[in-house]
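Computed from a predicted structure; not experimentally measured. Throughout, protein chains are lettered first and strands after them, A, B, ... in sequence-line order, and every chain is numbered starting at 1.
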There are 2 protein chains.
Amino acid sequence: MADASEKPDTPDRISEAEHAVMEVLWREAPQSAQDVCAQVCEAKGWSLPTVKTLLARLVTKQALTTERDGKRFLYSPAMARADYVGTESRRLVDRLFGGRAAPLFAHLAQAEALSDKDIAEIEALLKELKS
Amino acid sequence: MADASEKPDTPDRISEAEHAVMEVLWREAPQSAQDVCAQVCEAKGWSLPTVKTLLARLVTKQALTTERDGKRFLYSPAMARADYVGTESRRLVDRLFGGRAAPLFAHLAQAEALSDKDIAEIEALLKELKS
DNA sequence: CTCCATCGTTTACACATGTAAACGACTACG
DNA sequence: CGTAGTCGTTTACATGTGTAAACGATGGAG
């Protein structure tokens with residue numbers, strides 16, 4: 001290999017707790033720390049300081065942008081949810097199914113994780129893909 | 001020994017590095033630490049001690065069983081790969097797609113992660129599911 | 001203008017993980 | 001029999017993560 005001195009940006013993985021915060025902001029943005037807390041603290045059993053830490057880490061990881069609003073900040077996602085979802089899905093498919101989607105699908109089907117509705121939707125998608 | 005208020009077993013997550021070791025043993029078991037190293041150390045840039053640590057941790061997590069073979073141990077998976085794959089897939093689907101498989105599929109399709117072959121295979125699976 | 005509520009930031013700490021050296025036991029070759 | 005190589009185990013240490021208190025700045029109420 002040639003040069004591994006400096007990659008422009010190591011993607012900097014988003015952890016699971018951080019992801020929960022991102023979800024809130026993907027649902028609606030911008031929002032303040034308190035807004036976010038109002039939406040996850042109860043469900044997760046977190047306190048406001050915890051959310052603040054997560055927000056700060058996400059800003060460091062450049063997953064969020066901030067905008068001043070008086071004394072406080074408003075946070076917005078700096079990446080599309082679809083991108084995140086894409087990377088994560090790919091990672092799983094690579095790690096567990098040799099990068100091929102069909103085996104994943106087979107597994108989900110076998111595990112009865114597919115409802116009739118799912119099957120119908122997928123059939124529709126396939127039809128679209130072939131056209 | 002009454003363990004009334006004890007969770008049956010906290011599943012004890014298998015980390016990514018540990019997973020690589022599991023894969024080797026799922027492919028063939030039982031194997032010694034050296035055997036395992038021979039199959040992953042080069043690819044991962046690990047040294048034998050690293051593999052030993054991972055094996056030990058996996059034994060602690062009850063993901064592997066051991067069997068003596070003279071001076072050394074032979075390791076075998078204590079859980080089926082399908083189970084691991086199932087849990088991990090479910091986790092992802094829950095976390096990113098609200099527990100429904102169709103959106104995952106849609107995403108993979110959209111991201112062009114599906115080859116024609118994949119599509120054909122999935123169609124076949126669907127046909128089977130409906131019968 | 002002063003004081004308090006509220007921000008974001010700094011610091012903290014325990015546990016998981018990645019990575020590996022050090023150590024003590026045991027076996028097999030000489 | 002001794003000793004060298006090989007085991008598994010113990011210890012180590014940096015970084016990431018979950019969770020949060022402490023702290024210092026600051027803007028708004030009186």
Side-chain angles (χ1 to χ4, degrees), chain A residues 4 7 9-25 30-76 78 84 88 91 95, chain B residues 7 9-25 30-76 84 88 91 95:
Chain A
K7 284 163 296 186
D9 57 329
T10 303
D12 244 342
R13 305 258 310 124
I14 290 173
S15 83
E16 211 167 312
E18 286 158 5
H19 169 241
V21 167
M22 290 300 291
E23 285 295 342
V24 172
L25 288 163
Q31 291 188 72
S32 72
Q34 286 222 339
D35 294 339
V36 173
C37 186
Q39 289 167 74
V40 289
C41 281
E42 177 140 16
K44 296 282 187 173
W46 291 342
S47 64
L48 179 57
T50 298
V51 170
K52 287 185 184 179
T53 300
L54 294 174
L55 286 169
R57 287 182 182 165
L58 284 166
V59 170
T60 300
K61 294 184 181 178
Q62 299 187 299
L64 292 181
T65 58
T66 57
E67 137 200 20
R68 241 217 166 77
D69 171 49
K71 124 162 112 168
R72 67 204 180 145
F73 279 155
L74 297 183
Y75 301 86
S76 305
Y84 174 76
E88 290 302 303
R91 282 176 64 82
R95 230 162 46 87
Chain B
K7 287 159 292 184
D9 56 331
T10 304
D12 244 342
R13 307 261 305 126
I14 289 172
S15 82
E16 210 166 313
E18 287 159 5
H19 169 241
V21 167
M22 290 300 291
E23 284 295 341
V24 172
L25 288 163
Q31 291 187 70
S32 71
Q34 286 222 339
D35 293 340
V36 173
C37 185
Q39 288 166 74
V40 289
C41 281
E42 177 142 15
K44 296 282 188 172
W46 292 342
S47 64
L48 179 57
T50 299
V51 171
K52 288 185 183 180
T53 300
L54 295 174
L55 287 169
R57 286 182 183 165
L58 284 166
V59 170
T60 299
K61 294 184 181 178
Q62 299 187 300
L64 292 180
T65 59
T66 57
E67 138 199 19
R68 246 225 161 70
D69 172 48
K71 124 164 114 167
R72 67 203 181 146
F73 279 155
L74 297 183
Y75 300 86
S76 304
Y84 174 74
E88 289 302 302
R91 281 176 65 81
R95 228 162 47 87

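Across all strands, A/K44 comes closer than 4.0 Å to no nucleic acid atom at all (heavy-atom distances). Residue B/A56 is out of contact with every strand shown, counting any heavy-atom pair closer than 4.0 Å.
Nearest nucleotide to the A/K71 side chain, out of C/dT17, D/dA21, D/dG27: D/dG27. For A/W46, the listed nucleotide lying nearest its side chain is D/dT19; candidates were D/dT19, C/dG8, D/dT17. You'll find that the side chain of B/S15 is closest to C/dT17, out of C/dT17, D/dC7, C/dC7. Distance from the side chain of B/P49 is smallest for C/dA20 among the nucleotides D/dT19, C/dA20, D/dT9. Listed nucleotides: D/dG8, C/dT9, C/dG18. Nearest to the side chain of B/E16: C/dG18. For A/R72, the side-chain atoms get nearest to C/dG8 when compared with the rest of D/dG8, D/dG18, C/dG8.
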Working for side-chain contact (heavy atoms from CB on, under 4.5 Å), residues B/E18 and B/K61: CA-CA 11 Å; B/E18 287 159 5; B/K61 294 184 181 178; 2.8 Å; yes

Test log, rule side-chain contact (heavy atoms from CB on, under 4.5 Å), inputs B/F73 and B/E67: CA-CA 6 Å; B/F73 279 155; B/E67 138 199 19; over 6 Å; no

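Distance, A/L58 CG to D/dG16 C1': 14 Å, rounded to whole Å. Across the protein-nucleic acid pair, A/L54 atom CG and D/dT17 atom C1' stand 9 Å apart, rounded to whole Å. In this structure, B/K61 places its NZ atom 8 Å from P of C/dA16, rounding to the nearest Å. Across the protein-nucleic acid pair, B/I14 atom CD1 and C/dT17 atom P stand 10 Å apart, rounded to whole Å. When the P atom of C/dC7 is taken as reference, atom CD of A/E67 falls 16 Å away, rounded to whole Å. Separating the CG atom of B/L55 from the P atom of C/dT17 is a distance of 16 Å, rounded to the nearest angstrom. Here D/dC7 presents its C1' atom at 13 Å from CG of B/D35, a figure rounded to the nearest Å. Distance CG (A/D12) to C1' (D/dT17): 13 Å, rounded to an integer number of Å.
From B/L58, atom CG reaches atom OG1 of B/T65 across 11.5 Å, with rounding to the nearest 0.5 Å.
At a cut-off of 3.5 angstrom, counting only N and O atoms as typed in the model, there is a donor on one side and an acceptor on the other between the side-chain of A/T53 and the base of D/dA20. With hydrogens and angles ignored, a donor-acceptor pair closer than 3.5 Å exists between the side chain of B/R57 and the base of C/dT19.
Phosphate proximity of D/dT6 to B/Q34: absent, as no side-chain N or O sits under 4.0 Å from OP1 or OP2. Dashed line: the shortest gap from a side-chain N or O of A/K52 to OP1 or OP2 of D/dC23 is not under 4.0 Å.
Considering all non-hydrogen atoms of both residues, B/V51 and B/W46 come closest at CG2-CE3, 4.2 Å. The two residues A/L74 and A/P30 make their nearest non-hydrogen contact at CB-CB, 3.7 Å.
Take the nearest nucleotide of DNA chain D for A/E18 and for A/R68: the residue whose nucleotide is more 5' is A/E18. Between A/L74 and B/T50, the one whose closest nucleotide on DNA chain C sits nearer the 5' end is A/L74.
A side chain to side chain donor-acceptor pair (under 3.5 Å) with B/Q39 holds for exactly one of B/Q34, B/K44, B/Q31; it is B/Q31.
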